[in-house]
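Below is one structure, written out as structure tokens; the observations come after it.
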Amino acid sequence: MKAEPETRFENGTDVKFSIDDLKSRTEPEPWDGIRNYVARNNLRSMKKGELAFFYHSNCKEPGIVGTMEIVQEHSPDLSAHNSKAPYYDPKSKPDDPKWSVVHVRYRSKFVQQIGLQELKAMGKPGSPLENMQMLKQSRLSVSRVSPSEWEYLMGVVKERGGETE
DNA sequence: GCCAACGTTGGC
DNA sequence: GCCAACGTTGGC
């Protein structure tokens, strides 16, 4: 799941959200603003208790920086109906919401992040991540991670100093 | 700031 | 339903 750790204004609001921002939250964080059907459907398939990677995008050093937990399954993304919200969508109607959120909670931060260049190298044909959705559809902000992809990446994390809370 | 790789829109 | 034109994402 991608978020932008550097300041950028969208509809008058700073959309900056880093893993440290998530870490500082005391309440479950709604993952809102997803406005792509494939990404939304991925949100809708998430189950409570599942884990997700936190990816820093549109920044100096893009890559996977940590993990979080799905603490609440999907519900309507009401921010779509707020004309002042960063990702306002006038085509979503309150009585028939188009978009969804899940609620997440911080789990861990990697001692060393896994950079996009490394991910791409692991995604070459014949490599462990050759079928990873985020490498095939690089613009998707919420993408699927298979159990074997997760295991492989967490192995890489372990080799490089592991995770911190 | 550029632009490749998408996704969306709307005329026909 | 096709597809040209346009808009968006996100790496570089």
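Just so we're clear, the structure is a prediction, and the values are computed from it rather than from any experiment. Throughout, protein chains are lettered first and strands after them, A, B, ... in sequence-line order, and every chain is numbered starting at 1.
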- Is A:Lys48 salt-bridged to A:Glu73, going by a charged N under 4.0 Å from an acidic O? no

- Using distance alone, with no hydrogens and no angle criterion, decide if A:Ser18 and A:Asp21 have a side-chain donor and acceptor under 3.5 Å apart. yes

- Message: So which atom in A:Cys59 and which in A:Glu6 form the shortest heavy-atom distance, rounded to 0.1 Å?
- Response: CB-OE2, 3.4 Å

- Message: I'd like to check the salt bridge (charged side-chain N to carboxylate O under 4.0 Å, His left out) partners of A:Arg44; sequence neighbours left out, ordered by chain and number.
- Response: none

- Query: Where is the tightest heavy-atom contact between A:Gln113 and A:Glu61, given as atom of each residue plus distance?
  - Reply: NE2-O, 2.9 Å

- Item | Positions of residues 38-46 of chain A (non-hydrogen atom under 4.0 Å from DNA chain B), listed by number | none

- Message: Wobble G-U and Watson-Crick pairs count when both distances are under 3.5 Å; given that, what is the 5' to 3' dot-bracket string of DNA chain B, with | for pairing to other strands?
- Response: ||||||||||||

- Task: Give the B/S/- string for nucleotides 4-12 of chain C, one per nucleotide from 5' to 3', where a protein heavy atom under 4.0 Å of the base yields B, of only the sugar-phosphate yields S, and otherwise -.
- Result: ---BBBBSS

- To the nearest 0.5 Å, tell me how far A:Lys16 NZ sits from A:Arg8 CZ. 13.5 Å

- Task: Can you spot which of A:Val104, A:Thr67, A:Leu22 makes a side chain to side chain contact (heavy atoms under 4.5 Å, CB included) with A:Phe54?
- Result: A:Leu22

- Query: Minimum heavy-atom separation for A:Gln133 to A:Asn42, with atom names?
  - Reply: OE1-ND2, 3.3 Å

- Taking side-chain contact (heavy atoms from CB on, under 4.5 Å) as the test, write out the residues that go with A:Asp89, two or more places apart. A:Arg35, A:Ala80, A:Lys91, A:Ser92, A:Lys98, A:Trp99

- Task: Output all residues satisfying salt bridge (charged side-chain N to carboxylate O under 4.0 Å, His left out) with A:Lys23, sequence neighbours left out; order by chain, then residue number.
- Result: none

